[in-house]
Every structure is written in C-alpha cells, then in structure tokens.
Amino acid sequence: MTRSPSTPSVMKRNRRAMLAGVFGLALAGVVAGQFVPPANSPALAQITTSQPAGTFSFADIVEKVSPAVVSVKVKKDIGDQQMAMGGDGLGGNVPPQIEEFLKRFGFGEGRGPGMGPGGPGMGPRGGMGPRGERPVVGQGSGFIISADGYVVTNNHVVDGADEVDVTTTDGKEYVAKVIGTDPRTDVALLKIADVTNLPWVKLADGAPRVGDWVIAVGNPFGLGGTVTAGIVSARGRDIGSGPYDDFIQIDAPINRGNSGGPTFSLNGEVIGMNTAIVSPSGGNVGIAFAIPSETVKTVVTQLRDKGSVARGYIGVQIQPVTDDLASGLGIKAAEGALVAQVQPNTPGAKAGLKAGDVIVKVNNEPIKEARELTRKVGMMKPGTEIQLSVIRDTKPMDIKLVLDQLPKDQVASRSDAPKGEDDSAGNKDLPRLGLQLAPSKSVQGAGGEGVVVTGVEPNGPAAQRGMKTGDVILKVGDKTVATPKDVRDGLAAAKAENRKAVLIQVKSGEGVRFVAISLEGKAKG
C-alpha cells in the first residue's frame with residue numbers, strides 16, 4: 001500500500017466520514033488552532049488552517065516546521081583505503097553485525113536521478129578530485145533546536161568530517177561547528193555561530209503511539225527539502241546497532257540523505273530523528289527507524305553542557321531471562337535482567353548485588369527485558385541514586401545504590417586449552433553436557449578459577465547453548481567449581497532438588513553469562 005502526503009485515494013469516496021472517524025480526533029488540536037509552540041519561538045507561530053471544510057492536508061504543519069529543517073553537507077579526506085569503495089562512504093559507518101541487513105545513509109548521498117556514484121560536484125570516481133586530493137562530500141539532514149543555532153543530526157553523518165555546512169530551506173548557508181558526538185546513540189550536536197533568530201522546533205516530551213500519523217522532512221538523495229508521511233509502525237525496536245537501541249519504526253518513505261532529519265507529530269513536535277532503514281537496495285521499502293526524542297534530548301543536553309556524554313554505571317554484566325533460565329532460577333516469569341557477573345569495586349558490588357540476581361524494577365519502573373535496564377541506567381547521570389527491585393533465590397528484595405560513570409569498554413580474552421575429562425564420567429544418572437573439562441589451574445593461560453572447557457561435542461546440549469572450547473565454567477547452580485567433579489556434583493545437587501534445569505555460570509571472551517541446561521535427560525552409556 002502506498003501512502004501519499006496529500007489526501008490518500010482510499011479516502012476519496014467517503015472523505016467526510018473518514019475525517020470524522022479517523023482524522024477528526026487526531027487533528028482536533030491542529031484544526032482548532034490549539035498547537036502552542038515554545039514561548040520564545042519567533043518563527044514557528046501557532047498553527048492555523050485555511051483548508052476548505054472536508055479536506056485534509058499536512059501542508060499547514062509542513063509550512064511551519066520546514067524552515068527549521070536543514071541540509072547537512074560534510075567534507076572529509078577519506079584517504080586511499082576508503083576510496084576503493086567508490087566514494088560511497090558507507091563501509092566505515094555500518095555496524096559489522098548488521099552490515100548486510102541495514103543500509104546506513106549519510107556519507108556519499110549526494111546522488112540524484114541519472115547522477116554518478118559520487119553525486120553532483122564530485123570527480124568521476126565518487127569524490128576523487130585532482131590527483132593527490134581526496135575530499136568526499138556527503139549529505140544528510142538535520143534540524144535546528146534553538147534560535148541561537150544549535151543543530152541536531154546523526155553522528156554517522158558528521159563522523160570524521162573536516163568541514164560541516166548547513167543549508168536552510170530558503171537557501172542560506174552556514175558553517176557549523178561540531179560541539180559533540182555520541183556514537184553509542186548516533187547523535188551529534190552542531191552549532192552555527194553568530195545567529196540569534198533562527199526558526200527552530202521542539203523535541204517532544206512524550207512518546208508517540210503505534211498507529212499515530214508522522215511526517216518526515218529531510219534531504220533524500222541530496223534533492224533538498226522533501227516531505228513524506230506515514231504512521232508509527234512499532235516502538236522499542238532493537239536493530240543491533242548498539243547497547244541503547246530503542247528505535248521508533250515508521251513507514252513514512254525514508255531514503256539516503258534523510259539521515260539525521262526529524263520526524264514530526266501532527267502538533268509539529270519532533271518525535272524522533274531518522275537514522276537507519278532496512279533495505280536490500282538502499283532505497284525505501286517502508287521500514288525506517290528513528291531515535292526517540294527523549295533519547296535525543298538527554299544526549300543533546302549533555303553534549304551542549306559538556307561536549308560529551310557521561311553515562312550511569314552499575315558494574316554488572318547482564319543477560320536476558322529466557323524460559324529455561326526462569327525455570328532454573330525457580331521464578332515464574334521470564335522477565336527482567338539476570339546478573340551474570342558483578343565487577344569488583346563497582347556500585348553493584350558495594351550495594352551487595354550478586355550473580356544470579358534478577359533485576360525486575362528500577363525506581364519502581366518494571367524491567368521487562370535486559371536491554372531495558374541498559375537503556376534506563378545508561379540515560380541516567382553518574383551520581384544518581386536509584387533503587388533496584390531484585391529477585392534472589394526466588395525472594396524479592398530492594399537494593400539502593402549510587403551510579404558511577406561508565407568506564408571505557410574492556411574485552412576479556414580467552415585461551416584455548418588441551419583436552420580434558422568428560423563431564424559425566426562415572427555417573428549415568430546425570431545429563432550429559434557434551435563437554436571435556438579440566439581445572440583452570442592445570443591449563444596454561446586459563447587463570448586460577450573455574451573449570452576450562454577443553455572440548456565440545458558439536459551436537460551436545462552445551463554446544464546448543466553456545467558453549468565453546470576455551471569457555472570457563474565458574475559455577476553450577478549456586479556452587480563454585482574448580483574441578484570436573486565439582487561440575488558433576490553441582491548437576492547432582494540440582495537434580496536432587498527436582499530442578500528441571502540447572503544454571504551454569506560461564507566466562508568467555510564476550511564476558512560472563514548464565515547458561516541453562518535441562519536436567520530431564522540422562523547421560524548415554
């Protein structure tokens with residue numbers, strides 16, 4: 001189904017009835033002239049309508065908000081390596097885990113109908129100028145959020161830029177300075193100097209509902225100000241681009257060059273910033289993602305005040321609670337965030353959090369899944385006191401702590417190990433994990449704690465749960481292990497308690513996590 005920014009064809013027959021049933025409620029505030037912009041906004045005045053009775057158009061809203069939407073043009077010297085990509089400039093901005101699934105759009109977007117790969121004004125190879133000069137011009141979108149010239153766009157639009165220019169809808173060009181960027185949320189803040197009366201738009205305070213009408217304004221394919229319309233298709237989307245994914249999915253047509261541009265609600269507020277699309281070809285297929293305005297607002301406030309973002313930090317590694325893990329933990333609902341490991345000398349350790357705790361609320365707000373905890377804590381400032389509602393050994397409890405500042409990421413290393421002892425040796429009543437095990441102390445480079453996995457059966461239960469050679473088993477159930485026998489004893493203890501599954505705490509190169517293994521089978525003789 002194709003949706004047009006003007007009157008949809010499906011409405012023509014019963015236009016008045018549709019207006020009363022669908023658009024009447026959605027546009028009541030706009031048509032009645034009830035939209036009240038920020039008090040000090042000189043340009044975005046109260047929206048009124050001159051539309052004939054019985055017609056519907058986005059034109060009045062677009063007319064008011066478009067002056068605050070800008071084209072963002074960047075220049076950068078990408079060097080020989082990226083020039084081999086033909087000047088597209090996408091390779092360095094696409095997260096590896098979604099490179100084949102998502103098409104980021106920001107650099108190398110100055111192409112239009114019939115233009116070459118590099119777009120207007122570029123050399124024959126997409127950005128290569130005279131020999132020895134390799135500037136690349138990329139185009140994206142942005143929007144002004146204050147009369148004194150603060151502009152918001154995507155980090156991937158301006159990442160590595162040597163020069164940034166913004167152009168307003170009336171053709172005025174300004175040089176902009178990058179105030180700060182946040183790669184984790186893909187937000188960047190720019191500043192136009194020596195201006196005081198630019199038109200600007202407001203970031204919405206609340207989230208839209210699924211099904212709400214939205215309007216996207218931007219600079220697709222470098223064509224200049226373009227407007228498309230659609231609805232909110234979903235919220236809370238995780239597309240694998242980072243730990244704070246919480247995207248709004250919209251079906252308004254979004255293409256290369258819209259990156260960093262705003263999506264508006266029908267009262268003229270920015271509900272999200274367009275950042276990614278799903279497309280095999282790089283063009284619109286009706287699935288686009290926008291960063292929610294509340295995320296943008298939080299990040300921009302810190303970028304404006306400090307030039308960088310400081311995030312709250314508990315000091316724990318967490319993982320989702322699956323049905324198997326919930327069974328192993330003895331809890332009913334597969335909800336919350338399971339603490340896989342508590343780092344020493346962190347707020348979590350000082351407050352008494354333990355591996356195996358399930359965090360189900362933050363400040364009395366439910367945590368349905370692990371990434372919700374990451375987002376909530378990551379959007380809080382260091383020094384904030386919070387209360388965690390935790391389930392420990394099937395019993396609820398509350399823990400208070402003060403957030404520290406998130407340190408730089410650390411990646412654990414993993415050592416390979418020689419072959420060891422079979423996990424189920426000597427006990428046919430226990431489930432076979434399909435592992436060869438050896439004490440960590442006996443394996444060079446494995447450290448001094450736990451039991452090293454020295455071999456994995458490809459089709460065994462442990463392999464199906466993602467365990468690999470080099471992993472270190474730290475606990476089985478609630479018991480710390482140091483030998484293969486300790487692993488077998490832990491399985492036996494869980495079996496004696498009539499558990500359907502046992503939790504195994506595993507350390508790997510990716511961190512520490514829990515694995516749930518079913519206890520309902522027996523080892524094969």
Taking every heavy atom of A370 against every heavy atom of P320, the minimum-distance pair comes out as CB-N, 3.7 Å
inquiry  = Strictly distance-based, threshold 3.5 Å: is any side-chain N or O of Q505 a donor or acceptor partner for the main-chain N or O of A340?
reply    = yes
Check against side chain to side chain contact (heavy atoms under 4.5 Å, CB included), R304 and I179 = CA-CA 7 Å; R304 182 165 50 190; I179 299 299; 5.6 Å; no
> Do Y313 and L403 come close enough that some side-chain heavy atom pair is under 4.5 Å?
Replying inline: no
Only residue of V506, I504, V451 satisfying side chain to side chain contact (heavy atoms under 4.5 Å, CB included) with D471 is V506
Do the side chain of T298 and the main chain of E294 share a donor and acceptor less than 3.5 angstrom apart? yes
### Message
I'd like to check M379 versus T295 (side-chain heavy atoms, cut-off strictly below 4.5 Å). Are they in contact?
### Response
yes
Is there a side-chain contact between I399 and Q387, using heavy atoms and a 4.5 Å cut-off?
no
R256 side chain to P220 backbone, donor-acceptor under 3.5 Å:
no
All heavy atoms of I318 vs all of V339, minimum pair found to be CG2-CA, 4.4 Å
Taking D212 for the side chain and P208 for the main chain, is one N or O donor matched with an acceptor at less than 3.5 Å?
-> no
Heavy-atom side-chain contact between V515 and L503 under 4.5 Å
no
So NZ of K350 and CD1 of I314: to nearest 0.5 Å the spacing works out to 14.0 Å
K368, NZ: over 12 other non-hydrogen atoms inside 6.0 angstrom:
no
Partner of K297 under side chain to side chain contact (heavy atoms under 4.5 Å, CB included), picked from I145, V152, L203, V187, is L203
All heavy atoms of P292 vs all of F247, minimum pair found to be CD-CA, 4.4 Å
Any side-chain heavy atom of S389 within less than 4.5 Å of one from V360? yes
inquiry  = Would you say CG of D393 has more than 12 non-hydrogen atoms from neighbouring residues, nucleotides or ligands within 6.0 angstrom?
reply    = no
| query | Between K202 and V270, is any pair of side-chain heavy atoms under 4.5 Å apart? | reply | no
*asked:* So V362 and I367, do their side chains get closer than 4.5 Å, heavy atoms only?
replied: yes
Heavy atoms of A333 and V321 approach each other most closely as O-CG1, 4.4 Å
Quiz question: by atom type and distance under 3.5 Å, do the side chains of D324 and T322 form a donor-acceptor pair? no
Smallest heavy-atom separation, P262 atom then G142 atom, equals CD-O, 4.2 Å
Notebook entry, point to check: Quick one: do the T263 and N274 side chains pair a donor with an acceptor below 3.5 Å?
Noted result: yes
Rounding to 0.5 Å, atoms CD (Q319) and CG (L338) come to a distance of 4.5 Å
message: Evaluate N255 against I277 for side chain to side chain contact (heavy atoms under 4.5 Å, CB included), listing each step before the verdict.
response: CA-CA 8 Å; N255 289 285; I277 59 175; 5.6 Å; no
Heavy-atom nearest pair, S293 first then A204, reads OG-O, 2.9 Å
So CD1 of I473 and OG1 of T480: to nearest 0.5 Å the spacing works out to 12.5 Å
>> What verdict does the side chain to side chain contact (heavy atoms under 4.5 Å, CB included) test give for V402 and T384, after you've listed the backbone C-alpha separation in whole Å, the side-chain angles of each residue and the deciding distance to 0.1 Å?
In response: CA-CA 6 Å; V402 177; T384 303; over 6 Å; no
**OP:** Decide whether S259 and N154 meet the rule of one side-chain donor and one side-chain acceptor closer than 3.5 Å.
**Re:** yes
Taken to the nearest 0.5 Å, the spacing of L388 CG from M397 CE works out to 10.5 Å
Counting N and O atoms only, with roles assigned by atom type, does the side chain of N363 sit under 3.5 Å from a partner on the main chain of E365, one being a donor and the other an acceptor?
no
**N/O donor-acceptor pair under 3.5 Å between D305 side chain and Q302 backbone** = no
Exercise. Under a 4.5 Å cut-off applied to non-hydrogen side-chain atoms, are I215 and I61 in contact?
Worked result: yes
query: Quick one: do the R237 and Q249 side chains pair a donor with an acceptor below 3.5 Å?
result: yes
Exercise for review: Assess whether side chain to side chain contact (heavy atoms under 4.5 Å, CB included) is satisfied between V214 and F264, documenting all intermediate values.
Suggested key: CA-CA 5 Å; V214 290; F264 293 98; over 6 Å; no
**Prompt:** Is there a donor-acceptor contact under 3.5 Å linking the side chains of D186 and T275?
**Reply:** yes
Flag if over 12 foreign heavy atoms under 6.0 Å of NZ, K354
no
Taken to the nearest 0.5 Å, the spacing of T185 OG1 from N155 CG works out to 8.0 Å
inquiry  = Checking the side chain of S141 only, and the main-chain atoms of G218 only, is there a donor and an acceptor separated by less than 3.5 Å?
reply    = no
Only residue of Q405, K381, M380, R184 satisfying side chain to side chain contact (heavy atoms under 4.5 Å, CB included) with R311 is R184
Output for pair (Q341 CD, L353 CG), nearest 0.5 Å, gives 13.0 Å
